[in-house]
Amino acid sequence: MIAFIARRAVLALLTTFVAFAAAFVAIRALPNNPVLARFGQHAVPEQVVAKMDELGWDRPVWRQFIDFLVDVAATGDLGESFFYPERVVDGLARTFPATVELTLAALLIAVPLGIVAGVAAAVWHNRWPDYLCMAGALVGVSVPVFFLGILLMVAFQNMPTGGRLPLAMSYDRSTEFIVLESLLRGRWDVAAAALRHLCLPALALSSIPTAVVARVARSSMLDVLGADYVRTARAKGSAPQRVVFRHALPNASIPIANIAGLQLGQLLSGAVLTESVFNWPGMGTYLVAAVQRSDYNVVQGGVLLVAIVFVTLNLALDVLYVLLDPRLRHAPGAQ
Amino acid sequence: MLGVMSACAPPKLTGTLVYARGGESDQLDPIHVDTGESVKVIINVFDTLVTYADDSTELVPCLAESWDTSDDGLIWTFHLRDGVSFHDDTALDSEAVVVSIERLIVPDHPLVFDSVIPYAPDFSVIESVRAVDRLTVEFHLREPSAVFLANLAMFCASIVSPTALESQGRGFSTAPVGTGPFRMEHWVRDQQLVLKAFDAHWRGRPQLDRLVFVPVRESAVRGQQLQRGEAHFADDLPPAELDKLAAHPEIEVQEVPGMNVGYLAMNADRPPLDDRRVRQAVWHMIDKQRLIDVAYAGQAAPAINPLPRTMPAWHDGLVDRAFDVEEAQGLFREAQQDLGFSAPLELELFVMATPRPYMQQPQETAAFLKESLRPLGIELRIVTSETTLHFKRLSGGEHQLALAGWSTDNADPDNFLYALLDPDNINDHGGNNVCRYRNQTVHELLIEAKRTIDADKRIELYREAQELIFADAPMVPLVHTKVRVAHRKELRGYQLHPTGLTWMRAAHIEDGQP
């Protein structure tokens, strides 16, 4: 088990490095010039040339990459945004917690709801609950989040349209995990307000993951429900709910855990559309703006964080499979 | 659960104006920025030596109570207002003005912490600036300049607190200190930027207690917030949204004719566009009124030359080339016979990916032009690039035709004609003469106008230049768009300025309303 995890961890580190290097090269391959972007329509030729030279952005990419690594090794810092004075680390600390809270809230809705819908669809296969759930899932994946978001705002006129806290509420905090931190500090008023602001964006964001989880849950439950041992369990006279929840669902859970894990990774890398509609100060908005104007350091830092999140999740999922599936636990490779 | 939570309404704000806008400010040090989102905060935090009158672009005293000019126009002496203080209690004196201006013109100034200074060339005419006594500042110019005073009214010439610069260093750009009606309170990037009334402002304390800028990226959501009363003021709204809001009983829409121009640039370095008959033919093919209906929801005025109509130097004697297909075909065929290019002529039209204030629907505009030019025998291929890349490629002269435009910096004709059409501004690093227009006579007129202080004589020079430019047709001026903002009716005392800038010092919120 430990050797297995160690092997995976080394692989994860390599993956992260490759992803980072790829992002470093890709963002520089874009024909954009961030120095010109800073000047907008008021570029001063001499200043542009001087600035490019100062930053070393006119050198070959491999040279820039080595310079960057040396720089990081020397300072231990990922640098600063080119457009405003903020360290990339601070920018990520500001936006990633918002993304984490939104993601977790959305998955808290999506996973249970998706499983219930998927299981119901499988149990009443080809009957109205099945049609209803699958039609719902189809709508869920197809409705644009932008439209759904506006629709929710119109439907819930009293719910806030955006942001994480009411404008009038100033609240000194040491992290941007607003819900978590206020709960730990016992600031119930802040927690309630933050949760209230979280409702509509989480609801909008959960539409696609709910649908995806429901479909996977349905098909994997259908597989399992058709298996011999389930028929045996039924033949022995087990109660229907015992057959579904004790015998079938645990065996159907690996694909569900897998898809939920992937959704988690995807949402953690930022949900641009939802963030944009609900004015949610998350990582998606932060990174997309950075890509659009080639804010090199921010893009690199963001990709690094996203890569780390993904490989960590994958590692966690690998371990989780072993725990969920006794066969893997006893396989020779896992020892 | 939603129902229960809806019951607790958000606390009411009084004296606080919530300003919903499309994006976030990058930074707030006046000399380092070029984006509108930064400017709308900066003008409320800082004052300049001179500023515009409340309802026109006439220059009036601000931090400078008065000024006089030497006979040769090379020495300008400004007399500062006494008793003005910065937000950090530093008193405004001539030294503060010297520091603020020297930051723009002295290379490697010790109080400049970033080498990007977009407007530096506008101040290069200043040779030196010195403090004569506590309240008198003297500017020495390299040559007489008619735009010098107008440039001092620009946000980048804001007077900054030297003590704050010294103590904060780079931090100044996120915690700016000026003499303006509002002072920085706090700023959580992408969430809210809060300004607070400055009690000791020399005009008297503003009536608002707080001014909160909130970035709301979707324009439809900005509209929603306005209707609900969550925001009092919103800008950068598309025409359709504004028309809807104008019908709302609690919302008022204000508009001014914008000091801008959207145009079709024709690269004179790329044959056959170097022949003015071809350019004139293109001009004749465009039905501007229909373009305005199609791509601007009717909210723009047709342009005849790059200068906005609201400028005194605008030439009222020029009559636009009529939309006339036969006339166009005649010119085109004549040029074709002389030059021998084949028809249909295939040309690339470069288009920006995102809307600009003067080009609100670039794709629709491009499609309209494509249809317009087809009967002439010109087949357009539309090439769309992300906006900064678009302008980079235009500066490099990669285009044949391109959508471009300009919004005023200082409300001066020089800022349109010299910036957009003088050969001095052709270069690969952001040069704005993207038509690559070179006319020696026009160049001489524009340079002379730059140096001519006498207003009437100056207008004469610009009229002459406009006539020559009109005949050469280096660009097809398309539209001057309106600047429109929407606000709730309980917001009183606010008047949208002709420059489109949003000063909030006179605004207040009527009590008793949500």
Side-chain angles (χ1 to χ4, degrees), chain A residues 30-51 54 81 83-86 91 94-95 146 149-150 153-154 156-170 192-193 195-196 199-200 203 275-279 281 285-286 289 292-294, chain B residues 1-2 5-13 16 18 23-27 32 34-35 113-121 170-171 173-174 186 188-192 194 212 214-218 220-221 224-225 228 230 385-386 388-389 391-393 395 406-407 409 427-432:
Chain A
L30 291 177
N32 254 332
N33 181 337
V35 177
L36 275 182
R38 263 296 295 281
F39 283 94
Q41 278 181 271
H42 293 91
V44 188
E46 309 84 61
Q47 281 191 40
V48 173
V49 173
K51 192 82 191 176
E54 177 194 326
S81 160
F83 292 86
Y84 42 90
E86 183 187 51
R94 169 169 65 79
T95 54
F146 165 76
I150 304 262
M153 278 182 210
V154 174
F156 298 99
Q157 283 284 334
N158 284 320
M159 295 298 282
T161 46
R164 301 189 67 190
L165 285 175
L167 287 175
M169 186 175 264
S170 64
L195 281 171
R196 210 168 153 261
C199 285
L200 293 191
L203 213 55
E275 285 175 14
S276 152
V277 176
F278 289 100
N279 191 20
T285 316
Y286 179 58
Q292 274 170 353
R293 45 190 194 177
S294 292
Chain B
M1 180 163 109
L2 289 172
M5 294 190 122
S6 311
C8 50
K12 274 206 182 121
L13 301 171
T16 295
V18 179
E24 180 60 284
S25 306
D26 278 330
Q27 47 173 305
H32 294 314
D34 176 54
T35 53
F113 310 101
D114 183 347
S115 56
V116 173
I117 306 176
Y119 290 86
R170 293 199 61 200
S173 62
T174 47
H186 76 270
V188 185
R189 200 174 280 281
D190 285 336
Q191 296 185 43
Q192 49 174 296
V194 184
V212 183
V214 189
V216 182
R217 286 184 173 73
E218 293 297 337
V221 178
Q224 269 284 327
Q225 294 190 333
R228 289 184 186 199
E230 284 179 25
S385 320
E386 195 276 316
T388 50
L389 177 60
F391 284 106
K392 180 186 167 219
R393 299 176 79 177
S395 294
W406 189 257
S407 297
D409 295 318
N427 63 64
D428 294 355
H429 291 96
N432 280 310

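In this text, all values refer to a predicted model and were calculated from it rather than measured experimentally. Letters go in sequence order (proteins before strands), and every chain restarts at 1. Quick note: numbers below take in every heavy atom, side chains included, and nothing from hydrogens, waters or symmetry partners.
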Asker: What distance do T35(B) atom OG1 and F83(A) atom CZ have between them, rounded to the nearest 0.5 Å?
Answerer: 10.0 Å
Asker: State whether a side-chain donor-acceptor pair under 3.5 Å links T285(A) with E275(A).
Answerer: yes
Asker: Mind listing the closest non-hydrogen atom pair of Q225(B) and T161(A) along with its distance?
Answerer: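 Closest heavy-atom pair between Q225(B) and T161(A): NE2-OG1, 2.8 Å.
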Asker: Looking at A289(A), A37(A), S276(A), which one has more heavy-atom pairs under 4.5 Å with chain B than the rest?
Answerer: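 Max contact count across the listed options: S276(A).
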Asker: With a 3.5 Å distance limit and no angle check, can you tell me whether Q47(A) reaches the backbone of I117(B) through a side-chain donor-acceptor pair?
Answerer: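 It does hold such a pair.
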Asker: What part of V35(A) gets closer than 4.5 Å to chain B, counting heavy atoms only: side chain, backbone, both or neither?
Answerer: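 Nothing of V35(A), per the 4.5 Å heavy-atom cut-off to chain B.
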Asker: Name the region of S115(B), side chain, backbone, both or neither, that has any atom closer than 4.5 Å to a heavy atom of chain A.
Answerer: both
Asker: Is it the side chain or the backbone of R38(A) that comes within 4.5 Å of chain B heavy atoms, both, or neither?
Answerer: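 Backbone plus side chain of R38(A), per the 4.5 Å heavy-atom cut-off to chain B.
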Asker: Please confirm whether the backbone N or O of G431(B) pairs with a side-chain atom of S395(B), one donor and one acceptor, at under 3.5 Å?
Answerer: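 Yes.
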Asker: At a 4.5 Å cut-off on heavy atoms, which part of P160(A) comes close to chain B: side chain, backbone, both, or neither?
Answerer: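 For P160(A), the backbone is the part near chain B, not the side chain.
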Asker: Could you walk me through whether Q191(B) and E24(B) pass the side chain to side chain contact (heavy atoms under 4.5 Å, CB included) check?
Answerer: CA-CA 9 Å; Q191(B) 296 185 43; E24(B) 180 60 284; over 6 Å; no
Asker: Can you tell me which portion of V277(A) sits under 4.5 Å from chain B's heavy atoms? Options are side chain, backbone, both or neither.
Answerer: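 Contact with chain B is through both the backbone and side chain of V277(A).
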Asker: Starting from the C-alpha separation in whole Å, work towards a yes-or-no answer on side chain to side chain contact (heavy atoms under 4.5 Å, CB included) for F39(A) and D34(B).
Answerer: CA-CA 6 Å; F39(A) 283 94; D34(B) 176 54; 6.0 Å; no
Asker: Can you say whether V216(B) sits under 4.5 Å from chain A via the side chain, the backbone, both, or neither, judging by heavy atoms?
Answerer: both
Asker: Which residue out of A220(B), G171(B), P215(B) racks up the most heavy-atom pairs below 4.5 Å with chain A?
Answerer: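 So the answer, after comparing A220(B), G171(B), P215(B), is P215(B).
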Asker: Please classify the contact between V194(B) and chain A as side chain, backbone, both or neither, with a heavy-atom cut-off of under 4.5 Å.
Answerer: neither
Asker: Can you tell which part of Q157(A) gets under 4.5 Å to a heavy atom of chain B, answering side chain, backbone, both or neither?
Answerer: both
Asker: Answer yes or no: is there an ion pair linking R164(A) with D190(B), defined by an N-O contact shorter than 4.0 Å?
Answerer: no
Asker: Answer with side chain, backbone, both or neither: which region of F146(A) has an atom nearer than 4.5 Å to a non-hydrogen atom of chain B?
Answerer: side chain
Asker: Can you say whether N432(B) sits under 4.5 Å from chain A via the side chain, the backbone, both, or neither, judging by heavy atoms?
Answerer: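 Side chain only.
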Asker: Any side-chain to backbone donor/acceptor pair from R94(A) onto R189(B)? Under 3.5 Å, distance only.
Answerer: yes
Asker: For chain B, which candidate among I150(A), V49(A), L36(A), L30(A) shows the most heavy-atom pairs at distances under 4.5 Å?
Answerer: L36(A)
